[in-house]
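In what follows, every chain begins at residue 1, and chains take the letters A, B, ... in the order their sequences are listed.
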Amino acid sequence: MSSAVRSTVTAGAVEGRSDAPSDRYDPAIIEPKWRARWETDELYRARDEADRPKWYSLTMYPYPSGTLHVGHWYAFAVPDVFARFQRMNGYNVLFPMGFDAFGLPAENAAIRHNIHPATWTFDNIDRMRAQYRQMGAMIDWSREVVTCTPEYYRWNQWIFLQMLERGLAYRAPGAVWWCPEDQTVLANEQVLEGNICERCGAEVFKRDLEQWYFRITDYADELLRELDNVDWPERVKTMQRNWIGRSEGARLRFSLETGDVLEVFTTRPDTVWGATFMVLAPEHPLVAKITTDGQRAAVEAYVEQARRETEIERMSTDATRPKSGVFTGAYALNPVTDERIPIWIADYVLMGYGTGAIMAVPSGDQRDFEFARAFDLPIRVVVQPEGVTLDPATMEEAYDGAGLLVNSGSFDGTPVPDGVPAVIAWLDEQGRAKAEVNYRLRDWLISRQRYWGTPIPVVYCDSCGMVPVPIDDLPVELPMGAEFTPTGQSPLTTHEAFLRTVCPQCGGPARRETDTMDTFVDSSWYWFRYTSPHDEERPFEPEKASAWCPVDLYCGGIEHAILHLLYARFFTKVLRDIGLVDHGEPFQRLRNQGMILAEEGTKMSKSRGTQIAPDDLVQRHGADALRLHLMYLGPWDQGGPWNSRGITGMEKFIRDSYTIVTSTARNRIDSEAGSDEEQALRRLTHQTIERVTTDLRDFQFNTMVAALIEFKNGIWPLREKPIARTAAWREAIETLVVLMAPSTPYVAEELWERLGKPYSVHTQEWPAADPALLRQDEAEIVVQINGKVREKITLPVDLSEADVRELVLGRERVREQLGDRAPARVIYVPGRLINIVVGR
RNA sequence: GCGGACGUGGCGGAAUGGCAGACGCUGCGGUCUUAAACACCGCUGGGGCAACCCGUGCGGGUUCGAAUCCCGCCGUCCGCACCA
């Protein structure tokens, strides 16, 4: 509070004067001044050049939700520090910015406030852009991308058409997730545990609808394998691996007594001798056909119940729920034993995975075991572990560990790992099995029955059927006048002028596709667009994209661990196969920031008013102080509760640095280098260079700031001493300013000017620590007796162990402590400590 | 249920086998001031006059030496959860 008053008073006082430099640090003057200068000079314009190595630093673009909160700064200002650091390290840096501007919140807000989604969105973008500018980031705004503009989304349509041509986009019926609140279908990835809509939290259910899909499953294997080649947090990779869910096994054919063939997928074909029954998913197409008359009523009741549960709680099932199911009355023949085995239906078998049917091996699979026990079905042991003898009558759980095959014909005695391929090969010869790999990953459902998105560029003609819109007719523009209140129908259906068109093939009347694309399509390639944002021929120039990409460092929240990052990887591979880029992995290095919580530790919420706005803080403390404060809260990948008090400490650091530099910048240097004091100062300077450099490189911003503060604290008392008139001092303060440049760009630029150095500090070369100065001649050695610190002595580092030992043992305090006990052992760690071990 | 990460002063955190608590915040004392605020200087894990003792969720282990490594437990957070 008080500093707000002070700051305002100072600002008012200075305004009247011309440009007499104030000795008091005032961000309200410094920050707008340099921001204007940088913009005029296009200091942050990224140029396509080949002289320096490129560095593409990308931060996930924001959704234009309204106003910024400090979380936005945390996500953007901290990567900005790193981007600046890389620039000073000699890289040609691309640090772009855009807005993920299509999507449901715009529509919902528009309905609530009775304005157009475009108005809402562009107003927000204008506001947020201004807020982002305050941050002092090195954003190249000339490359800004806004996804809801036809200049951008026409290329979504272009890519869609390329994919359609290659069979990677297709339309298919199927049971899909439907959100009753948002009145649209959702991708599997957007459905959270408990069947909750990722966007609005409503409970979702399945509906049978015809929808557009992208064939991401074609890339399942590559998406899985290439995770090994990127530098990403291990947990993100694990999440993607789990999501893709690769299983190796075989597809087996079982003959039914009805003459039908039932295929199953299994990862354990070696246990087929133990398959004592089969289970179909309730939705399996064979269910109605094979059910016997006697069982029909029970089966239909169960299927109906399962369907209802689908709408309420199915899939939210946990594995501990008791198994349920019904016998169909039908039998299959076990292909290896020729036994008749009963066919059941149960909801623990999912239609969406494998073939929607399983062979049940209760002795080896816990789920099958529980089912067999519940319905009194036979259990046959086919894998015998060493040491114990499994008895079906007394087993309490399935056994799926190592062992030898038993009751398995000619394969008896085969160890499990060998049995799997052997049995597959044997069954394959007889045409009864094929090795197969299954993935949990499903194709990406991209159509949405909402308005504020990219129109899908196809038309439907009565005579020609579905016809793609010719590339030359793009973009298919989203009409501004549509009625977009959600009805469950695509809003575009009611827009006659949009809907009615002519068939590009026959010229007859045709109807446009009225679904729009999932907004994750927009974000699946936006970083390529930054490399040639104004290209009118293609989504982007392949040469420029390949020159800048892949992205060297991608920063963003962990919440995109699966959705966005998986889709983006998929698109990159598709664009590579189309021939637009030369690589398949978009993001070499990924770093996730933690989440900034409200002061009381809960999630920041707009509605509860717990969001912290940066504007106010910038006004009171300056953007530089806020940047430092965010870095200093803790490890960046950890996040944590916002703390409004600590920022004053950062302000003090800046103010003190400002005082140090401005009060000594004009000092005449009147001593030749060489005194011990100067040598010590130079050591401190170079140790700080070393610490700041390694901390920045390792993304340890909190300790980097601590190193800067310690440096300031170290030189603060010297500013009015004679040493402030030496070359070592000059080196120290110039270094301080350069080291501050990435973190506090405004004040660093101001101080650089005060030092009389040529504009701009941000184009200076990053300093290198002089190894000769880092070397210590003397070190403080900790003297321990039995591991307890008893004394600290400063000794030359090159002293031999014997000398140190003699010296230490001769010390009065040590002799006192030892008494008449003789050292049993002495451990010496050069330059660190000496531990004298004595018997007790 | 399975898997992973984490647990350190009043608070955020530092230290990843070698001085626990760097640095910042808070708090306390002092200087300045008529006074207060600001600013500056100093102190700030607990106990003890001191030597010293205790202390990194709890219990055990390895080691000359453990916040750090190993085993078990407790707690918090995250991911997965009928995927055949």
State whether the number of non-hydrogen atoms from other residues, nucleotides or ligands found under 6.0 Å of A/Q366 atom CD is greater than 12.
->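 For A/Q366, atom CD is crowded (more than 12 foreign heavy atoms under 6.0 Å).
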
Closest-nucleotide 5' rank along RNA chain B - winner of A/M239 and A/R825 |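 First, find each residue's nearest nucleotide; the 5'-ward one identifies A/R825.
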
Any side-chain N or O of A/S247 less than 4.0 Å from the OP1 or OP2 oxygen of B/rA84?
->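 Checking B/rA84 against A/S247, a side-chain N or O does come within under 4.0 Å of OP1 or OP2.
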
For A/W716 and B/rC41, is the shortest distance between a side-chain N/O and OP1 or OP2 below 4.0 Å?
->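 Result: yes.
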
Measure up the A/Y74 and A/W636 rings against each other and bin them: parallel (under 30°), tilted (30 to 60°), perpendicular (over 60°).
->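 Tilted: the ring planes of A/Y74 and A/W636 meet at 30° to 60°.
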
Which letter, B, S or -, goes with each nucleotide of nucleotides 7-21 of chain B from 5' to 3', with contact meaning a protein heavy atom under 4.0 Å?
-> -----BSS---BB--

Integer-rounded Å distance: [N] [atom2] and [X] [atom1]:
X      : N      : atom1 : atom2 : answer
A/I781 : B/rG65 : CD1   : P     : 20 Å
A/I562 : B/rG79 : CD1   : P     : 9 Å
A/E720 : B/rC40 : CD    : P     : 12 Å
A/K652 : B/rC23 : NZ    : P     : 13 Å
A/E263 : B/rA84 : CD    : C1'   : 15 Å
A/K237 : B/rC78 : NZ    : P     : 24 Å
A/E599 : B/rU26 : CD    : C1'   : 13 Å
A/K603 : B/rC77 : NZ    : C1'   : 14 Å

N/O donor-acceptor pair under 3.5 Å between A/S363 side chain and A/R380 backbone |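 At least one qualifying donor-acceptor pair exists.
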
Donor-acceptor contact below 3.5 Å, side chain A/K237 vs main chain A/L227 =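 Answer holds: yes.
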
Answer syn or anti for B/rG9, where the cut-off is 90° from 0 on the glycosidic torsion.
->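 B/rG9: syn.
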
Listed pairs, N/O of protein and of nucleotides 50-53 of chain B, under 3.5 Å:
residue: B/rC52; atom: OP1; partner: A/R813; partner atom: NH2; Å: 2.6
residue: B/rC53; atom: OP1; partner: A/R790; partner atom: NH2; Å: 3.2
residue: B/rC53; atom: OP2; partner: A/R790; partner atom: NH1; Å: 3.2

Atom CD1 of A/I781 and atom CD of A/E791: how far apart are they, to the nearest 0.5 Å?
->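 Result: 12.0 Å between the selected atoms.
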
Within the 4.0 Å heavy-atom criterion, would you say [X] contacts the bases, only the backbone, or no part of the nucleic acid?
X      : result
A/N713 : sugar-phosphate
A/M359 : nothing
A/N592 : nothing

[X] side-chain proximity, nearest of [options]:
X      : options                : answer
A/D347 : B/rG24, B/rC82, B/rC40 : B/rC82
A/V837 : B/rC82, B/rC40, B/rC64 : B/rC64
A/L350 : B/rA39, B/rA84, B/rC23 : B/rA84

Nucleotide opposite [N] in a Watson-Crick or G-U pair, distances under 3.5 Å:
N      : answer
B/rC82 : none
B/rG55 : none
B/rG42 : B/rC28
B/rA15 : none

Contact summary for A/L262 and A/A357, nearest pair of heavy atoms =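 Shortest heavy-atom contact: CD1-CB, 3.8 Å.
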
Can you confirm whether the side chains of [X] and [Y] place a donor and an acceptor under 3.5 Å from each other?
X      : Y      : result
A/S247 : A/N438 : no
A/D656 : A/Y25  : no
A/Y348 : A/D368 : yes

What's the gap between [N] and [M] when it is taken at their [atom1] atoms, as a whole Å value?
N      : M      : atom1 : value
B/rA35 : B/rG27 : P     : 22 Å
B/rA22 : B/rG42 : P     : 16 Å
B/rG72 : B/rC2  : P     : 13 Å
B/rU44 : B/rG30 : C1'   : 14 Å
B/rA5  : B/rA66 : P     : 24 Å
B/rC77 : B/rU26 : P     : 29 Å
B/rC74 : B/rA20 : P     : 31 Å
B/rC70 : B/rG1  : C1'   : 26 Å

So, are A/R251 and A/E263 salt-bridged, with charged N and O less than 4.0 Å apart?
->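 Counted as a salt bridge, because a side-chain N and a carboxylate O are separated by less than 4.0 Å.
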
Residues A/R683 and A/E690 bridged, charged N to O under 4.0 Å |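 Salt bridge absent between A/R683 and A/E690.
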
Taking the six-membered ring for Trp, are the ring centroids of A/F277 and A/W344 within less than 6.0 Å of each other?
->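 Ring centroids of A/F277 and A/W344 are no less than 6.0 Å from each other.
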
